[in-house]
> 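Please find one structure pasted underneath; my questions will follow.
Residue numbers start from 1 in every chain, and the chains themselves are labelled A, B, ... in the order their sequence lines are given, proteins ahead of strands. In what follows, every heavy atom counts, from backbone to side chain, and hydrogens, waters and symmetry copies are set aside.
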Protein chains: 2
Amino acid sequence: MGETSRSRETGTLGKLMALLDLVALADRPMRFTDILALSDQPRGTLHRQLSHLVEEDLLETDREGRYLPGIRLLHLASRSWARNEFRMVAEPHLRVLQGQTGETVHLGVLRGDEVIYLDKVEGRQSVRMYSQIGNASPAYCTGVGKAALSALDDLDLKTRLSGMVFHPYTEYTHRDIESLLEDINVIRARGHAFDLEEHESGICCVAAPIHSDDGTLAGVSVTGPAYRVTSEKLQEWAPLVRGAAASIMQDMHSRLGPRR
Amino acid sequence: MGETSRSRETGTLGKLMALLDLVALADRPMRFTDILALSDQPRGTLHRQLSHLVEEDLLETDREGRYLPGIRLLHLASRSWARNEFRMVAEPHLRVLQGQTGETVHLGVLRGDEVIYLDKVEGRQSVRMYSQIGNASPAYCTGVGKAALSALDDLDLKTRLSGMVFHPYTEYTHRDIESLLEDINVIRARGHAFDLEEHESGICCVAAPIHSDDGTLAGVSVTGPAYRVTSEKLQEWAPLVRGAAASIMQDMHSRLGPRR
DNA sequence: AAATTCGGTTCCGAATAATGGAACTTTTTA
DNA sequence: TAAAAAGTTCCATTATTCGGAACCGAATTT
């Protein structure tokens with residue numbers, strides 16, 4: 001008892017990071033009062049906390065005094081991305097998969113009930129190649145997310161998704177956990193997941209789970225517009241996607257195992 | 001006196017962020033003892049600090065207990081990058097400049113004595129398009145850096161660069177602040193900066209300063225291999241680079257000014 | 001096999017930093 | 001010009017961090 005759901009506050013840092021999330025992940029600069037309304041801190045406390053985040057360059061203020069994400073975040077992330085071992089191991093396989101299918105290939109890892117995209121390979125390098133990298137999407141309505149979830153057993157799954165809100169993005173989005181669990185069961189049996197316009201209208205994908213032996217849950221997917229990426233195509237690609245996932249897992253294993 | 005150089009510690013957050021820098025910006029996973037040697041914290045303290053960073057997903061541990069950057073950094077950074085107003089305003093101009101010159105175009109902002117790259121446009125999308133974004137380089141030996149520095153007066157400049165170590169990357173790298181200041185004077189008079197293999201052998205560039213009216217110092221540059229990007233080419237491109245910088249500043253101004 | 005070192009973790013009184021209510025200043029609105 | 005709202009500073013109280021020392025387990029040495 002006592003612990004309401006999953007609200008561990010890691011002391012000072014936890015509070016500051018929650019505040020950083022609030023401001024940095026918002027989609028526009030926020031004024032002090034906006035933040036005050038959303039955080040439940042007293043004025044004095046909030047003011048000092050924001051000052052500290054600005055002092056550390058995790059937030060910045062524009063000339064109107066509004067708060068927005070600081071450049072230090074970008075710096076920290078770039079190194080971590082560039083040297084991410086999982087991403088490096090997976091990359092060549094993503095390229096192969098892209099070549100085989102001609103469509104966009106994603107690599108995403110599960111974090112809580114969300115998927116965070118670690119890499120993306122597109123055929124024709126379109127306008128903003130990296131637009132997706134680092135983005136978070138709900139696990140329950142994305143191919144990569146459902147694939148990753150399928151590697152958990154029902155108990156873990158329910159724990160992880162407790163409190164999840166099933167937002168109806170499209171008419172095909174899962175409405176509740178029962179519906180999702182049914183889907184997951186099929187995915188487990190079959191070895192790959194489909195996303196048929198569940199997150200975004202007109203976008204379909206096929207994905208396979210990756211579970212690294214350090215406990216990381218992730219997935220690879222091939223994604224494209226529904227008019228081009230038909231059910232038949234997705235079926236046809238499923239073995240390729242599963243193959244890519246298998247290769248990535250094997251490379252991870254042989255790369256990390258021996259060094260032990 | 002008292003304040004040794006510029007070592008403000010923002011209480012708890014400052015210490016934790018210094019530690020995060022140490023671990024996340026390292027180029028390999030670090031064991032507890034490695035970190036202990038580099039940070040000057042007592043064992044107990046360090047252990048708790050690392051635990052907090054891991055708890056908050058700013059760091060992770062691999063199966064050997066070594067510490068490495070966490071995925072939350074990537075998530076925070078992606079939103080901040082995607083919504084960065086300066087970058088959005090600059091982007092079309094970077095593309096134009098890329099088209100005009102055929103070489104790689106960079107956008108970087110000054111942070112302390114370093115430049116952090118905010119965007120990059122390449123002609124032929126080479127292997128890792130985004131490899132550079134978020135990376136930091138010393139200001140004194142990069143085109144973008146020197147251009148940005150040239151917008152400061154000598155006093156600010158000396159303050160900012162006090163304590164700077166002039167690492168000799170190549171035989172052309174500035175060795176001391178006097179040499180740099182001479183160069184900066186020329187840059188100020190001329191309106192653009194050259195980097196003739198000062199940071200990396202075989203790489204040259206021409207850059208122009210950008211100063212937003214919110215005090216941000218930044219720069220645009222066109223960069224390429226010395227064998228292709230000759231002095232004549234750089235001379236020829238200088239007006240184009242200055243033009244791009246001017247357009248970016250104007251767009252920033254007209255975008256932000258009216259809203260005031 | 002026993003002893004020792006090494007790498008990492010836990011504990012708890014003392015030291016330090018964060019908290020938050022209230023007073024104060026500046027800016028905006030009426 | 002007054003009044004309200006927004007933002008900032010102060011400081012006694014409270015909570016958190018600090019850090020030395022003890023502890024644990026695994027690997028290494030004797």
> When you compare the side chain of B:D34 with that of B:R28, does any pair of heavy atoms fall below 4.5 Å?
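The answer is yes; the side chains approach within 4.5 Å.
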> Let me know the distance between CZ of A:R63 and C1' of C:dT27, rounded to the nearest Å.
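Value for this atom pair: 18 Å.
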> What's the separation between atom CG in B:D40 and atom CG in B:L46, rounded to the nearest 0.5 Å?
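B:D40 atom CG to B:L46 atom CG measures 10.0 Å (nearest 0.5 Å).
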> Whole angstroms only, please: what is the CG-P distance between B:D40 and D:dG20?
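Nearest whole value for this atom pair: 12 Å.
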> Sort me out a list of protein N/O and nucleotides 6-14 of chain D N/O pairs below 3.5 Å, or just none if empty.
unit_1	atom_1	unit_2	atom_2	d
D:dG7	OP2	A:T33	N	3.0
D:dG7	OP2	A:T33	OG1	2.3
D:dG7	N7	A:R43	NH2	2.5
D:dG7	O6	A:R43	NH2	3.3
D:dT8	OP2	A:H47	NE2	3.0
D:dT8	O5'	A:H47	NE2	3.2

> What pairs with B:H93 under side chain to side chain donor-acceptor pair (under 3.5 Å), at least two apart in sequence or on another chain?
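Listed in chain order: B:D251.
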> Output the rounded distance in Å from CD (B:Q49) to C1' (C:dT10).
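To the nearest whole Å, that distance equals 16 Å.
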> Looking at B:R160 and B:D113, is any side-chain nitrogen of the basic one under 4.0 Å from a carboxylate oxygen of the acidic one?
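Judged by the 4.0 Å cut-off on N to carboxylate O distance, B:D113 and B:R160 do not form a salt bridge.
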> Take atom NZ of B:K15 and atom C1' of C:dA15, then tell me their distance rounded to the nearest Å.
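From B:K15 NZ to C:dA15 C1': 10 Å.
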> Over how many whole Å does the gap from B:L13 atom CG to D:dT16 atom P extend?
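From B:L13 CG to D:dT16 P: 16 Å.
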> Rounded to whole Å, please give me the gap between CD in A:E56 and P in C:dA17.
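It works out to 14 Å between those atoms.
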> Could you check whether the rings of B:H106 and B:Y117 sit parallel, tilted or perpendicular, using 30° and 60° as the cut-offs?
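It falls in the tilted class, 30° to 60°.
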> Please find the pair of heavy atoms, one from B:A136 and one from A:H75, that lie closest to each other, and give the distance.
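Nearest heavy atoms, B:A136 then A:H75: CB-NE2, 3.4 Å.
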> Is any NZ, NE, NH1 or NH2 atom of the basic residue among B:R111 and A:D57 found under 4.0 Å from an Asp or Glu carboxylate oxygen of the other?
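Looking at B:R111 and A:D57, the cut-off is met.
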> Whole Å only: how far is the CG atom of A:L36 from the P atom of C:dG21?
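To the nearest whole Å, that distance equals 12 Å.
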> Taking atom P of C:dG7 as reference, at what distance in whole Å does atom CZ of B:R66 sit?
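Computing the B:R66:CZ to C:dG7:P distance gives 15 Å.
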> Kindly say if B:Q41 contacts the phosphate of D:dT17, meaning a side-chain N or O under 4.0 Å from OP1 or OP2.
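For D:dT17, OP1/OP2 do not have a side-chain N/O of B:Q41 under 4.0 Å.
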> To the closest 0.5 Å, what do you measure between CG (A:L19) and CD1 (A:I35)?
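Going from the CG atom of A:L19 to the CD1 atom of A:I35 covers 6.5 Å.
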> Could you tell me, to 10°, how much the axis swings from one end of the helix from C:dA1-D:dT30 to C:dA30-D:dT1 to the other, five pairs per end?
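Rounded to the nearest 10 degrees, the bend comes out at 30°.
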> Do B:S212 side-chain atoms and B:G215 backbone N/O form a donor-acceptor pair below 3.5 Å?
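No, the answer is negative, given that no donor and acceptor are paired below the 3.5 Å cut-off.
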> Respond yes when some side-chain nitrogen or oxygen of B:S51 is under 4.0 Å from OP1 or OP2 of C:dT9, and no when none is.
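For B:S51, the contact criterion (side-chain N or O under 4.0 Å from OP1 or OP2 of C:dT9) is not met.
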